[in-house]
Amino acid sequence: MKRKILLVVSTRPNFMKVAPILARMRERPELFDTCLVHTGQHYDALLSDVFFDDLDLPAPDHHLGAGSGTHGVQTGRIMAAFDPVLIEEKPDLVVVVGDVTGTMACALGAVKLHVPVAHVEAGLRSRDRRMPEEINRIVTDAVSDFLFTPSHDADDNLRAEGIPEERIHFVGNVMVDSLHRALNSLDESTALEDLGLQPRGYAYLTLHRDFNVDVEDRLRQALDAVERVQRRLPVVFPVHPRTRDRIESFGLQGRLAQAPDLRLTEPVGYLDSLRLQKEARLVLSDSAGLQEESTVFGVPCLTLRPSTERPVTVEVGTATVVDLDADLIERKTDQILDGSYKKGAVPELWDGAAAGRIVDLLAERLFI
Ligand code: UD1
């Protein structure tokens, strides 16, 4: 008998992780009956709809309409709306990805109704429990039956937390599957031409983490550092809605005007974001996905955070954790520009075939 698999997407960085898994499952209709659920945590067209187009994701079968709110409200709304979907669909497995609120809420909802859970991108730890994502990771991993990890540090973290070995499966990084597929379509993006940029002639900046943008001092510090970088080369900055809101409420628009080569844009779609990264001289970001994608492209990444749950991007890849230390950011930028910055490599099994490994394993284990 076929197995019903319910896959959950919630926010922007989830779409590129679920797309390849769903595609591999749909290639095996004799084994899997798939159902896509969108929690609605991200609802803006620029944070959600464009990714469905860029990634050829089918329209969700269920939309939970969660929207924004405090962590408690968002978690509660998603769980309340997910229960009836679980009861109606009766899945054999729920697949959740990443570390956002919807990931944790749906994993909890499933396990409480005795539905097994697979967590893709399991085991990552920043060891900073003040990050909401760290709590989401710990809780999701604790209740999941299949833990698919992107790197061996994640395996070690899970073992140290007492997760039984048979639940841990090192499969590589599923986001790289989407990246490889998108490479064929990158010439459809006109992002560089539209912004008047030259390949290797600009820095690509994103900033949206609560600890960077919700605290006025931190946001000012970040803008000070960026102001110094843009004296050396233009900085392109697609602004997340959360960040735009904080810039306005802290009255920092004037601060931005003092940085003439800092170019603000609306959030960009998947293909535009990949092209902007691939052709950049450097990436400055607090995003998890950009740390990983820049490592795959071999483009230097200055990680604007005090810690990372993705040490492999630093130890193997092109990233350096710089937090918001303007002097360090300036020094590293100079190294990148004069060619003395480290050269990275692509981590093990970040090869574009991770989703195939996940689906092969599930095809075996769900039919025992
Ligand atoms: C969430 C994730 C974060 C991820 C990021 C990717 C959590 C705890 N955080 O952060 O890990 O890196 O997504 O973008 O799950 N907003 C809109 N439109 C939307 C969604 C949000 O305007 O479609 C604004 C609202 O003002 C909202 C704020 O962004 O209050 C924060 O949204 P939220 O979903 O809570 O977290 P993100 O900052 O997007």
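Order of appearance sets the numbers: ligands from 1, and atoms from 1 within every ligand. Since the model is a prediction, treat every value here as computed from it, not as a measurement.
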May I ask whether Leu47 places a heavy atom under 4.0 Å from ligand 1? yes
Check: His71 N/O within less than 3.5 Å of ligand 1 N/O: no
Using heavy atoms and a threshold below 4.0 Å, how should the contact between Glu133 and ligand 1 be classified: side chain, backbone, both, or neither? side chain
Salt bridge present between Arg232 and Glu330 (N-O < 4.0 angstrom): yes
For Pro13, which part has a heavy atom under 4.0 Å from ligand 1: side chain, backbone, both, or neither? side chain
What is the closest protein heavy atom to atom 25 (C) of ligand 1, and at what distance does it sit? Ser68 OG, 3.5 Å
Pair Asp323 + Arg218, salt bridge at N-O below 4.0 Å: yes
Side chains of Asn136 and Asp99 only: does a donor on one sit below 3.5 Å from an acceptor on the other? no
Short side-chain donor-acceptor distance under 3.5 Å, Asn157 and Arg127: yes
In ligand 1, the atoms that come under 4.0 Å of a heavy atom of Asp44 are 17 (C), 18 (N), 19 (C), 22 (O), 23 (O)
To which of His42, Arg242, Gln74 does the heavy atom nearest atom 13 (O) of ligand 1 belong? His42
Considering only heavy atoms of Arg209, which atoms of ligand 1 have at least one such atom less than 4.0 Å away? 11 (O)
Tell me whether Arg281 contacts the main-chain N or O of Leu337 through its side chain, where contact means a donor paired with an acceptor under 3.5 Å. yes
Cationic N near anionic O, under 4.0 Å, Arg125 to Glu133: no
At a 4.0 Å threshold, what atoms of ligand 1 neighbour a non-hydrogen atom of Pro241? 17 (C), 22 (O)
To which protein heavy atom is atom 17 (C) of ligand 1 closest, and what is the distance rounded to 0.1 Å? Tyr43 OH, 3.4 Å
Using a strict 4.0 Å threshold on nitrogen-to-oxygen distance, state whether Asp327 and Arg228 make a salt bridge. yes
Nearest-neighbour protein heavy atom for atom 8 (C) of ligand 1, which is reported as residue plus atom name and distance: Thr101 OG1, 3.3 Å
So does Ala319 get a backbone contact from the side chain of Lys342, meaning a donor-acceptor N/O pair under 3.5 Å? yes
For Val100, the ligand 1 atoms whose distance to one of its heavy atoms is below 4.0 Å: 2 (C), 11 (O), 15 (O)
Please write down residue, atom name and distance for the protein heavy atom closest to atom 34 (O) of ligand 1. Gln41 NE2, 3.2 Å
Is the shortest heavy-atom distance from the side chain of Pro241 to the side chain of Asp44 under 4.5 Å? yes
What about His208: any of its N or O atoms under 3.5 Å from an N or O on ligand 1? yes
Would you verify that at least one protein heavy atom lies under 4.0 Å from atom 29 (O) of ligand 1, or report that none does? yes
Give a yes or no on whether a salt bridge exists between Asp156 and Arg159, defined as a side-chain N under 4.0 angstrom from a carboxylate O. yes
